[in-house]
Amino acid sequence: MRLLTPQEAATLPREALETHIVSLLRRCPGLLALRGAHAHLLRLRLPRLTAAFALSKLLASCASISDAAAASSSYARNLFDQIPDPTAFCYNSLIRALPAAGPVLAAYRRMLRAGSPRPNSFTLAFALKACAAALAPAEGRQLHAQAFRQGLESGAYVQTGLLNLYAKCEEVALARTVFDGMAGDRNLVAWSAMIGGYSRVGLVNEALGLFREMQAAGVEPDEITMVSVISACAKAGALDLGRWVHAYIDRKGITVDLELSTALIDMYAKCGMIERARRVFDGMVERDIKAWSAMIVGLAIHGLVEDALGFFSRMLELKVRPNNVTFVGVLSACAHSGLVDDGRRYWSTMQNLGIKPSMENYGCMVDLLCRSGLLDDAYSFVIGMPISPNSIIWRTLLVASKSSNRMDIVESASKRLLELEPLNPENYVLLSNLYASNSQWDRVSYMRKKMKDNNVTVVAGRSSIEINGYLHKFVVSDDSHPEIKEIRPVLREIADRVRRAGHKPWTAAVLHDVGEEEKEVALCEHSERLAIAYGLLKTRAPHVIRVVKNLRFCPDCHEVAKIISKSYNREIIVRDRVRFHKFMGGSCSCKDFW
DNA sequence: CTAGGGTTAG
């Protein structure tokens with residue numbers, strides 16, 4: 001577009017000048033461009049009112065520019081301070097441009113203190129969105145109270161803003177309260193936000209149930225709704241459901257856009273159908289870094305290392321810039337097949353690309369070194385990390401030190417782990433099992449004592465299985481399932497077969513502090529066995545029994561699943577959260593851990 | 001000027 005000269009600007013009417021300002025700012029993708037436009041507008045020596053208009057519009061543009069939030073937000077603050085009588089629109093724009101919940105709340109309070117203008121529903125909607133993005137429910141609650149005080153709580157946008165805030169912060173019950181309060185005017189956005197909230201925390205049946213309710217209420221889903229539904233299936237490993245939902249998407253002619261495709265790739269990969277994931281990926285018209293990353297991570301999960309690395313180079317050739325998540329895929333692929341040198345090379349590639357390693361990236365490197373038996377390298381790598389290692393990293397190191405019988409590393413790593421997380425039951429399960437398998441009984445009882453002293457109780461093992469589109473959940477020794485009477489005999493038979501197969505009814509040392517005779521009961525009522533029993537009861541071969549388990553350091557569930565598989569001639573896959581041991585060529589089975 | 005979506009290590 002042609003820029004105006006000051007002489008031209010002086011002769012133009014106000015409307016024309018404002019049009020010029022608006023279309024000029026529309027062309028500003030980043031902070032630099034915006035500053036350029038700002039300088040141009042200053043040169044025009046606009047009349048007072050038009051200048052204020054320009055500043056407001058400049059401020060509004062700050063929210064949508066892509067530059068580092070910090071730089072653009074301080075620029076936005078500067079602009080705001082230059083506006084003599086900021087309107088509500090100005091405050092709203094400022095709030096939109098601020099990066100964190102704290103500053104947003106401060107700006108909101110400043111507006112209240114000024115007395116005028118009053119916040120409107122836009123103000124609250126923006127502020128709530130900022131709190132949701134920053135995962136700051138405390139600040140959000142304050143805004144919730146404010147919404148009441150300002151009489152703005154009934155606005156549709158404020159309500160969905162609140163709903164979404166709670167949903168994003170995983171406060172599902174609060175989100176539901178808001179949702180229930182909306183009864184009459186729930187629109188597609190509200191339904192989607194609520195479904196997304198359930199999906200985020202893994203309440204798949206609730207997400208799916210609400211999805212059905214939504215349809216019954218005559219609200220037609222769009223691609224955004226379906227992303228949440230599909231990712232709920234991915235989280236739960238609900239393959240049949242996921243396929244049904246995919247078919248539904250096709251049947252309804254819902255656009256499978258970039259985000260939905262990515263969700264589908266993730267779902268198929270996490271549910272074990274990597275070929276379908278790949279087909280979705282191949283069918284995409286555009287692929288951004290998240291799509292590539294989902295695909296690469298999916299391939300890595302399945303141990304398809306060459307493919308994962310091949311996709312990575314193809315991605316680089318297409319000039320798509322990798323991010324931390326991409327390198328999680330690449331590095332974990334290397335770790336899964338012992339490619340230490342390649343892993344190290346990718347590590348420096350990452351640094352050369354200016355990507356600051358995330359905790360997960362460090363974790364991948366530790367895992368890579370550990371799996372290759374380079375315990376000393378792994379240990380010095382952990383010690384040399386510029387950020388303080390988290391508990392996952394210490395546990396990775398511990399498990400590997402145990403397999404290599406490096407009790408010296410176990411010693412110091414366990415110390416650090418318990419300092420870091422003295423209240424996490426997972427750590428005690430891990431450590432006491434570790435010492436038990438090394439016959440260090442004094443250590444085992446020390447762990448128990450420490451647990452007791454710290455008032456730590458063990459997390460129950462939880463598993464789920466999908467039957468006919470419904471997810472059945474089981475907890476250790478849980479008899480609340482409506483069909484428990486039919487499940488029990490199957491369980492007993494499983495226990496018999498396990499014993500006949502010569503499997504020692506050994507179980508986690510602290511998980512069940514029980515006598516010998518009770519041990520077998522505890523063993524046969526492990527959650528995954530309950531789930532497998534239910535699967536045997538409800539399905540016939542060749543239906544694959546897929547069970548999802550919550551605990552990673554579960555001592556023998558995969559081994560037992562294998563025995564049951566063989567004995568019943570059924571395919572049984574036990575998956576812990578995302579990893580399929582079936583595809584790992586044994587490299588990741590519990591046997592190696594313990 | 002408002003609200004809902006996808007990828008992360010053990």
Side-chain angles (χ1 to χ4, degrees), chain A residues 56-57 59-61 63-64 87-93 95-97 120-129 132 155-165 167-168 187-197 199-200 221-231 234 257-267 269-270 287-298 300-301 322-329 331-332 335-336 357-368 370-371 390-400 426 430 552-553 576-579 588 593:
Chain A
S56 304
K57 288 293 173 188
L59 183 54
S61 306
S64 52
T87 59
F89 176 82
C90 298
Y91 275 101
N92 295 348
S93 303
I95 284 171
R96 256 169 49 145
N120 55 27
S121 54
F122 291 80
T123 322
L124 270 164
F126 290 135
L128 286 168
K129 189 184 168 118
Y157 284 86
V158 173
Q159 287 194 312
T160 38
L162 281 166
L163 165 52
N164 187 48
L165 165 86
K168 272 246 166 60
N187 58 18
L188 180 57
V189 179
W191 284 101
S192 300
M194 194 63 236
I195 292 170
S199 160
R200 192 167 292 114
D222 65 2
E223 62 274 14
I224 298 181
T225 323
M226 299 322 288
V227 166
S228 294
V229 177
I230 285 291
S231 76
D257 62 7
L258 181 61
E259 287 86 354
L260 188 47
S261 302
T262 307
L264 284 167
I265 291 170
D266 182 50
M267 185 273 288
K270 292 215 174 104
R287 308 178 184 100
D288 67 356
I289 186 56
K290 288 186 183 178
W292 280 99
S293 300
M295 193 65 237
I296 291 169
V297 169
I301 286 173
N323 63 17
N324 295 98
V325 184
T326 330
F327 278 99
V328 165
L331 293 171
S332 69
H336 291 159
S358 65
M359 191 64 83
E360 289 88 345
N361 295 142
Y362 285 108
C364 290
M365 276 309 277
V366 175
D367 188 39
L368 174 83
C370 283
R371 281 179 199 247
N390 69 3
S391 66
I392 299 180
I393 289 182
W394 290 117
R395 283 192 291 269
T396 306
L397 204 55
L398 275 165
V399 165
E426 197 182 351
L430 168 67
R552 274 188 194 269
F553 296 111
D576 55 26
R577 287 189 253 172
V578 295
R579 203 164 296 284
C588 193
F593 282 161

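Hydrogens, waters and symmetry mates play no part in the numbers below; they use all other heavy atoms, side chains included. Not measured: the values here are computed from a predicted model. Just so it is clear: chains get the letters A, B, ... in the order the sequence lines come, proteins before strands, and each one is counted from 1.
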Output a table of donor-acceptor pairs, distance under 3.5 Å, between side-chain atoms of residues 290-297 of chain A and any protein atom two or more places apart or on a different chain; print 'none' if there are none.
residue, atom, partner, partner atom, Å
A/S293, OG, A/I289, O, 2.7
A/S293, OG, A/T326, OG1, 3.0

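- Looking at heavy-atom distances under 4.0 Å, A/A400 makes no contact with the nucleic acid at all.
- Taking atom CH2 on A/W191 and atom C1' on B/dG5, their separation rounds to 18 Å, with Å as the unit.
- With hydrogens and angles ignored, no donor-acceptor pair under 3.5 angstrom links the side chain of A/D257 to the base of B/dG6.
- Among B/dT7, B/dA3, B/dC1, the nucleotide with an atom closest to any side-chain atom of A/N187 is B/dA3.
- You'll find that the side chain of A/L260 is closest to B/dG5, out of B/dG5, B/dT2, B/dT7.
- In this structure, A/Y157 atom OH and B/dG4 atom C1' are separated by 11 Å, rounded to whole Å.
- Taking every side-chain heavy atom of A/S121 into account, B/dT2 is the closest of B/dG6, B/dG5, B/dT2.
- Without hydrogens or angle criteria, A/N361 side chain to A/C364 main chain gives no donor-acceptor distance under 3.5 Å.
- The closest donor-acceptor contact from the side chain of A/N164 to the backbone of A/A167 lies at 3.5 Å or more, if one exists at all.
- A/E223 comes within 4.0 angstrom of a base, heavy atoms only.
- Among B/dT2, B/dG4, B/dT8, the nucleotide with an atom closest to any side-chain atom of A/T225 is B/dG4.
- Nucleic acid contact class of A/L331 (heavy atoms, under 4.0 Å, all strands): none.
- A/S261 is linked by a side-chain contact (heavy atoms from CB on, under 4.5 Å) to A/V256, A/V280, A/M284, counting only residues two or more places apart in sequence or in another chain.
- Nearest nucleotide to the side chain of A/E360, out of B/dA9, B/dC1, B/dT7: B/dA9.
- For A/L124 and B/dA3, the CG to C1' distance is 13 Å, given to the nearest whole Å.
- Protein atom CD1 of A/I230 is 12 Å distant from nucleotide atom P of B/dT7, rounded to whole Å.
- A straight line from CD1 of A/I265 to C1' of B/dT8 spans 16 Å, rounded to a whole angstrom.
- At least one donor-acceptor pair closer than 3.5 Å links the side chain of A/H336 to the backbone N or O of A/A300.
- Applying the 4.0 Å criterion to OP1 and OP2 of B/dG5, one finds that A/K290 has every side-chain N and O outside that range.
- One finds a side-chain N or O of A/K270 lying less than 4.0 angstrom from the OP1 or OP2 phosphate oxygen of B/dT8.
- At least one donor-acceptor pair closer than 3.5 Å links the side chain of A/S199 to the backbone N or O of A/S228.
- Listed nucleotides: B/dG6, B/dG5, B/dT2. Nearest to the side chain of A/I224: B/dG5.
- Closest to the A/K168 side chain, of the nucleotides B/dC1, B/dG5, B/dT8, is B/dG5.
- Comparing B/dA9, B/dG4, B/dC1 by their nearest atom to the side chain of A/N390 picks out B/dA9.
- Judged by atom type and distance alone, A/E259 reaches the base of B/dG5 through a side-chain donor-acceptor pair under 3.5 Å.
- In this structure, the CD1 atom of A/I392 is 7 Å from the C1' atom of B/dA9, given to the nearest Å.
- Put simply, A/R287 has no side-chain N or O that comes within less than 4.0 Å of OP1 or OP2 on B/dT7.
- Look at CG on A/N324: it is 13 Å from P on B/dA9, rounded to the nearest Å.
- In this entry the distance linking CD1 of A/I289 with P of B/dT7 reads 14 Å, nearest Å.
- Of the candidate nucleotides B/dT2, B/dA3, B/dA9, B/dA9 has the atom lying nearest to any side-chain atom of A/C364.
- Side-chain atoms of A/D367 and A/T396 include no donor-acceptor pair closer than 3.5 Å.
- Listed nucleotides B/dG5, B/dA9, B/dT2 differ in distance to A/M359; the shortest reach to its side chain belongs to B/dA9.
- Here A/D222 lies in heavy-atom contact (under 4.0 Å) with a base.
- Contact check, A/N164 against B/dA3: no side-chain N or O comes under 4.0 Å of OP1 or OP2.
- Residue contacts for A/L264: at a heavy-atom cut-off of 4.0 Å it reaches no nucleic acid atom on any strand shown.
- Where stacking is scored as ring centres under 5.5 Å apart with planes under 30°, A/F89 does not register as stacked on the base of B/dC1.
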